Protein chains: 4
Amino acid sequence: MDPKERREMILDKAKKLFAEKGYHQTQISDIIREAGIARGTIYQYFKNKDDLFVRLLEKYYEKWESTVSLERDMNLAAVDPVDYFRLRIHRTLEFFAGDPDISRIYLRMGLGLHQELEAVIKKFEERIMDMIAADLSLGIRNGHVRPDLDLALAANLLAGALLRTAYYYFGTGREPPRDLEEASRKISAILSPGIFNPA
Amino acid sequence: MDPKERREMILDKAKKLFAEKGYHQTQISDIIREAGIARGTIYQYFKNKDDLFVRLLEKYYEKWESTVSLERDMNLAAVDPVDYFRLRIHRTLEFFAGDPDISRIYLRMGLGLHQELEAVIKKFEERIMDMIAADLSLGIRNGHVRPDLDLALAANLLAGALLRTAYYYFGTGREPPRDLEEASRKISAILSPGIFNPA
Amino acid sequence: MDPKERREMILDKAKKLFAEKGYHQTQISDIIREAGIARGTIYQYFKNKDDLFVRLLEKYYEKWESTVSLERDMNLAAVDPVDYFRLRIHRTLEFFAGDPDISRIYLRMGLGLHQELEAVIKKFEERIMDMIAADLSLGIRNGHVRPDLDLALAANLLAGALLRTAYYYFGTGREPPRDLEEASRKISAILSPGIFNPA
Amino acid sequence: MDPKERREMILDKAKKLFAEKGYHQTQISDIIREAGIARGTIYQYFKNKDDLFVRLLEKYYEKWESTVSLERDMNLAAVDPVDYFRLRIHRTLEFFAGDPDISRIYLRMGLGLHQELEAVIKKFEERIMDMIAADLSLGIRNGHVRPDLDLALAANLLAGALLRTAYYYFGTGREPPRDLEEASRKISAILSPGIFNPA
DNA sequence: CATGAATGAGTTTTCATTCAT
DNA sequence: GATGAATGAAAACTCATTCAT
């Protein structure tokens, strides 16, 4: 097997394992077994386990970038911006649909913890989703929320949006916004129109 | 110190450390040092490291639930649903603002990897954000996107929403949607109205 | 066993092994087997293998210092300087006689290489000694060298003196002496009087 | 390049590296990089790393032997024995001066340990030298020791002589001398005359 | 309950050597 | 002879957990 191919093969096996078991739970032993190579061989292609992981992220980051950026070729002036937005969403979904492992890795689910702990986390997340979905469902019954809303989808969109923003505001060491009232208003202004019926 | 108090104290020190260094990087040694207790003592309060971590998640999950759920007391019939939505967002922000450690832990940033790896991930995430923000900025210049949009905020909301949904669809082992076209349309229908100027 | 005692015990077993097999050939596994402790235990007493070795050197350096320095208490004014010199030599011999392992470690014989290589080195050294001894023997027969000279002893003294000086001059990065002629004269002036018959 | 030349070239590069970093710290990778040859090639010239090292020692041992032995040609009957002694010392110094790497290798400084450990050892050795030099210095002030003595030189000669003898007596597995008193007297008898003023 | 010395399974990484090309 | 990718035995070190005091 030529070296380039072998390198890719190792990355591929590693990807699968990292997605499945996470970074810490995936051992070099697992990777070499899966790849059918000797212990030392992996260190000829990658400096160490970290390096291997970083190369993996890099590779798929670049893949993502080129996948999603394809529409750069399009005639932006001619296309409807909302269509363009939808197309980008589509491309992103396609990217992850085509490689579920990567979505697992990038979205951290496979990164951190061993299965038991992951399970606990998932339970919590589901409860949060349920709560949001319940709210939306109530809203539909009360005639406030668009009746054709896909509840699970909307719950995920909202939770994802909100949690990431909370992390961005409070978890990264940035100066958090002084006026949470105003921040909430801005967030609501972005998310409400697609959720609620027009007044 | 009475046992209950000590237990809470340990949880508190552990929370700080988990938020700072992540689950794997935080060692029992760190926790006992920080808590000023003996190595064996921690096992008097928690079955093991995992148990300690799960108790932590549980505790703050419950705190979050009660914080965010306060408005259950409100007269839902009387309050405008969009105001209610905004209020929930506000409460959520307050919860995380009041305990940034928790946002770090819950949002996984502190969970998985050691600093160097985290840094690589962050770099990628920033590039993704930048790309989204650039798109939005272009949209504003072209008159398609609401001109008062907070770019960084919107980029986080969109990225968070989309990535979580991708994970929900493709990373959790659920049956993914057959028609990605339709999924994109539904996502766009929810997110676009708050982003773009009305046609 | 109390911790202090155990630490000393480990140092003691390690000393024996380092003297026997050298630093690199002595493995942590050897030490813990010899000491009858668990793998992790040794790391409670020493940061790592290097640290263990350095502590060992330190310990015996201090021991040497106090052994050899005892005569500091003596009334220097009253004692004959040559006697004093002889006493110091005596003390040094006693120190090493009392702990041959240490002489092996300090004198580097046990430090570096595995047995086979050591053997090669020793062969060379013996040839050097022989050559010196042959010279001296010839000198005795010719009536130039003190007839009561202990040949092996003198050969060791001369070789040790000369090699160390060569290393001091040329192997340590110091500015070497410009005039080797003069250096030789000075060395000879020190070593000859004890070797040769008075003219 | 012809095979013989190449072999010498490899030995030469290896010598430099062994002197610099010691046997264990010098890796085959270092040698082939320095020599500009392929990994496998070195095994065409030497059976293994040990063999390479032994050949190196052999080569320079022979060089030393022929350098130092040149005076065998001299008319021994005609030359003053002390001059002869001085000449030999001179030749030895010249040999090592001409190839400091070899002095480093032979004198073990480069053999054994990595830099940090070497540094610790050197510190101890310097302290020993200092102690000897201090003694000598005191002797000069008191009028016992020859006032023109080169202190550093004398300290090295004495330390070298004594340590090697200690090793010879106690570190090599030989039957050590029963009477250390007598051994000290013999050593002193050899070393004193060149150090002290005649009574 | 509290303590902390002891444990040992588990993991990464190194590096001399081989051998098919 | 030369090459360099592949090998795998070997070694140091980690760290959650236990248990006698």
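So that the names make sense, note that chain A is the first sequence line, chain B the second, and so on, each numbered from 1. Quantities reported herein were computed from a predicted structural model and do not represent experimental measurements.
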Would a 4.5 Å heavy-atom cut-off, applied to side chains only, mark B:Asp51 and B:Arg55 as touching? yes
In whole angstroms, the gap separating P of F:dC15 from CG of B:Asp30 amounts to 9 Å
Mutual orientation of the aromatic rings belonging to C:Phe53 and C:Phe18 [parallel < 30°, tilted 30-60°, perpendicular > 60°]: perpendicular
Euclidean distance, atom CG of residue A:Asp2 to atom C1' of F:dA6 [Å, nearest integer]: 15 Å
Terminal axes of the helix from E:dA2-F:dT21 to E:dT21-F:dA2 (5 end pairs apiece), angle rounded to 10 degrees, sit apart by 10°
Spacing between A:Asp51 atom CG and E:dT12 atom C1', to the nearest angstrom: 14 Å
Taking the minimum atom-to-atom distance to the side chain of B:Arg6, which one of E:dT3, E:dT7, E:dC1 wins? E:dT3
Is the shortest heavy-atom distance from the side chain of C:Lys13 to the side chain of C:Arg33 under 4.5 Å? no
Rounded to whole angstrom units, what separation is found between the CD1 atom of C:Ile32 and the P atom of E:dT7? 10 Å
How many whole angstroms separate atom CD of A:Glu5 from atom C1' of F:dA6? 16 Å
In whole Å, I'd like the distance from the CZ atom of C:Arg33 to the C1' atom of F:dA11. 13 Å
Could you check how far CD1 of D:Ile31 sits from C1' of F:dG4, rounded to whole Å? 17 Å
With B for base contact, S for sugar-phosphate-only contact and - for none (protein heavy atoms under 4.0 Å), nucleotides 16-21 of chain E reads BBB---
Is there a side-chain contact between C:Lys16 and C:Glu20 in this structure, where contact means two heavy atoms from C-beta onward sitting under 4.5 Å apart? yes
Test item: D:Leu11 and D:Tyr45 side chains (from C-beta on) under 4.5 Å apart, heavy atoms: no
Sorted by position of nearest nucleotide on DNA chain E, 5' first, the leading residue of B:Pro3 and C:Tyr45 is B:Pro3
Student check: side-chain heavy atoms of B:Thr41 and B:Arg6 closer than 4.5 Å: yes
Quick check: do B:Glu8 and B:Asp12 have side-chain heavy atoms less than 4.5 Å from each other? no
Can you tell if the side chain of A:Lys21 reaches within under 4.5 Å of the side chain of A:Asp30, non-hydrogen atoms only? yes
DNA chain F: 5'-proximal contact among A:Ile42 and D:Thr41 (nearest heavy atom): D:Thr41
Does a side-chain N-to-carboxylate-O contact under 4.0 Å join A:Lys15 and A:Asp99? yes
Heavy atoms only, 4.0 Å cut-off, all strands: where does D:Phe46 land among base, sugar-phosphate and nothing? nothing
C:Lys4 NZ to E:dA5 C1', in whole Å, measures 16 Å
